[in-house]
Amino acid sequence: MAYDIHDLLREYQRRQKENGAYVKFFNQSDTRTLYPKHWEFFDAGKTHRQRLFRAANRVGKTTAAGCELVYHLTGEYPEQWKGKTFDGASSWWVCGKSSETIRQILQPLLLGEIGNFGTGLVPKDKLDAESLTDAKKAATGISTFRVMHKSGGWSQVEFKAYEQGRQAFEGTARSIWMDEESNSDVYAECLLRTMTGDNILLLTFTPLKGASEVVMNFSKDGSFEDGSIGNGKYVVTCTWDDVPHLDDAAKAELLASIPPYQRDARSKGIPALGAGAIYPIPEEELFVDPF
């Protein structure tokens, strides 16, 4: 059977559009794909239940965690995958600051825009369209959806917002991805959900709240070190210098627009003074050598 070249091109473009994670993030020769820091984060999942990707802005932390989530939901992993795997379907919460940020950031990343579902990281042919019926218009967010795992079962995802409060995070065991930093009460509830069964907890955020309880829970002797810090926890810090898609001009432009006291957090993933900072100057300028 002969195929028209234009038909083949349209089919190629359709598959590119509807298989986001597999087209964009499985080809490691593509410079737009995942970087060594992302792979370190993935690999640590083999032996650590809790992982924190403590990172600068614009380094791909949310996209990387979204890719890992899709790999787990489908059970289809890259050839070079060394991290945690799920042999069967799994249940997840995907958590963000508010229902608005979930609708504007996490939902489009995973599913695509409303009216065009299947163009996000979850491949369209794995997505259960019947589970997306609660989104009727752009102002309506998805609450849950299902993804086909290669074993034949359905992986379940539910979106949760920190603004719902601690009690909304009580429930049964599951794996959880927390995008952006929550308060300590919500973090504690999420951790409890993962402590039984074959579940994991992923955290991805820029530490703008300073040395908060959640941040300090992932410190070792009060220092912000990378690697395994005990009790099943692993930390990866990613800076602007770790991602090649940000050139020197872009970094200089971004840095100039950031308040000085937030620059270490936003460019290096180092905890800032926090939301209660009074003076817009770097912390090191507040101290002098002993005399």
* Asked: Looking just at side-chain N and O atoms, do Glu180 and Thr101 make a donor-acceptor pair shorter than 3.5 Å?
  -> no
* Report the C-alpha separation of Glu68 and Trp81 in whole Å, then their side-chain angles, then the decisive distance to 0.1 Å, and conclude whether the side-chain contact (heavy atoms from CB on, under 4.5 Å) test is met. => CA-CA 10 Å; Glu68 175 168 351; Trp81 189 263; 3.8 Å; yes
* To do: Please report the C-alpha distance between Cys67 and Leu121 in whole Å, then the side-chain angles of each, then the deciding distance to 0.1 Å, and finally whether the side-chain contact (heavy atoms from CB on, under 4.5 Å) criterion is met.
  => CA-CA 7 Å; Cys67 284; Leu121 293 176; 4.2 Å; yes
* To do: Would you check if the side chain of Arg54 reaches a backbone N or O of Pro207 as a donor-acceptor pair within less than 3.5 Å?
  => no
* Structure fact -> For Ala211 and Pro271, the nearest pair of non-hydrogen atoms, with its separation, is N-CB, 4.3 Å
* **Side-chain (Asp179) to main-chain (Gly96) donor-acceptor, under 3.5 angstrom** => no
* What distance do Tyr261 atom OH and Leu208 atom CG have between them, rounded to the nearest 0.5 Å? -> 9.0 Å
* Thr62 side chain reached by Trp177 side chain, heavy atoms, under 4.5 Å -> yes
* Rounded to the nearest 0.5 Å, how far does CG of Leu191 lie from CG of Asn199? -> 11.0 Å
* **Shortest non-hydrogen contact between Lys268 and Thr239, atoms and distance** => O-CG2, 3.4 Å
* Asked: Would you say the side chains of Ser99 and Glu163 form a donor-acceptor pair under 3.5 Å?
  -> yes
* Under the 4.5 Å side-chain heavy-atom rule for ILVMFWY, direct or indirect, which residues accompany Met148? -> Trp154
* **Arg166/Glu189 salt bridge by N-O under 4.0 Å criterion** => yes
* To do: Kindly give the heavy-atom pair with the smallest separation between Thr206 and Asn57, and that separation in Å.
  => OG1-ND2, 3.3 Å
* Lys126 side chain vs Val70 backbone, donor-acceptor pair below 3.5 Å -> no
* Verify, without hydrogens or angle tests, whether Gln262 (side chain) and Pro259 (backbone) share a donor-acceptor contact under 3.5 angstrom. => no
* With a 4.5 Å heavy-atom cut-off, do Tyr35 and Asp242 have their side chains touching? -> no
* Search all heavy atoms of Tyr187 against all heavy atoms of Gln50 and return the closest pair with its distance. => OH-OE1, 2.6 Å
* Asked: Is there a side-chain contact between Thr119 and Glu113 (heavy atoms, below 4.5 Å)?
  -> no
* **Ile142-Val147 co-clustered via ILVMFWY side chain contacts under 4.5 Å** => yes
* Structure fact -> Checking Met195, Met178, Arg49, Arg193 against Leu201 for side-chain contact (heavy atoms from CB on, under 4.5 Å), the one that qualifies is Met178
* To do: Give the C-alpha distance, both sets of side-chain angles, the deciding distance and a yes or no for side-chain contact (heavy atoms from CB on, under 4.5 Å) between His72 and Trp92.
  => CA-CA 10 Å; His72 294 321; Trp92 285 79; 3.6 Å; yes
* Asked: Does Asp185 have any salt bridge (charged side-chain N to carboxylate O under 4.0 Å, His left out) partners at least two apart in sequence or in another chain, and if so, which?
  -> none
* Asked: How are the rings of Tyr71 and Phe42 set to each other: parallel, tilted or perpendicular (split at 30° and 60°)?
  -> perpendicular
* Is the side chain of Ser175 donor-acceptor paired with the backbone N or O of Ile200 at a distance under 3.5 Å, no angle test? -> yes
* Asked: When the ring centroid of His38 is compared with that of Phe41, is the distance short of 6.0 Å?
  -> no
* His48 backbone acceptor or donor facing Lys233 side chain under 3.5 Å -> no
* Asked: Cut-off 3.5 Å, side chains only: do Ser223 and Glu225 have a donor facing an acceptor?
  -> yes
* **Side-chain donor/acceptor of Trp240 to backbone N/O of Arg266, under 3.5 Å** => yes
* May I ask you to establish whether Lys84 and Phe86 are in a cation-pi arrangement, using a distance under 6.0 Å from NZ or CZ to the six-membered ring centre and at most 45° from the ring axis? => yes
* Structure fact -> Shortest non-hydrogen pair, Val214 vs Leu203, comes out as CG1-CD2, 4.4 Å
* Asked: Ignoring hydrogens and geometry, is there a side-chain-to-backbone donor-acceptor pair from His245 to Arg58 under 3.5 Å?
  -> yes
* To do: Any chance you could lay out the side-chain contact (heavy atoms from CB on, under 4.5 Å) test for Cys238 and Lys61, step after step, and finish with the verdict?
  => CA-CA 9 Å; Cys238 186; Lys61 58 184 180 295; over 6 Å; no
* Asked: Is the NZ or CZ atom of Lys160 both under 6.0 Å from the centre of the six-membered ring of Trp93 and within 45° of that ring's axis?
  -> yes
* Asked: So how far is it from Tyr162 OH to Cys190 SG, rounded to the nearest 0.5 Å?
  -> 7.0 Å
* Asked: Is it true that a side-chain atom of Ser155 and a backbone atom of Ser90 form a donor plus acceptor pair closer than 3.5 Å?
  -> yes
* Which distance, rounded to the nearest 0.5 Å, do you find between the CD of Glu213 and the OG of Ser184? -> 3.5 Å
* **Nearest-0.5 Å distance that lies between atom CD1 in Ile176 and atom CD in Glu158** => 10.0 Å
* Asked: If you measure from CD1 on Ile105 to OG on Ser98, what distance do you get to the nearest 0.5 Å?
  -> 8.0 Å
* Over all heavy atoms of both residues, which pair between Lys251 and Leu246 is shortest? Give the atoms and the distance, please. => CE-O, 3.6 Å
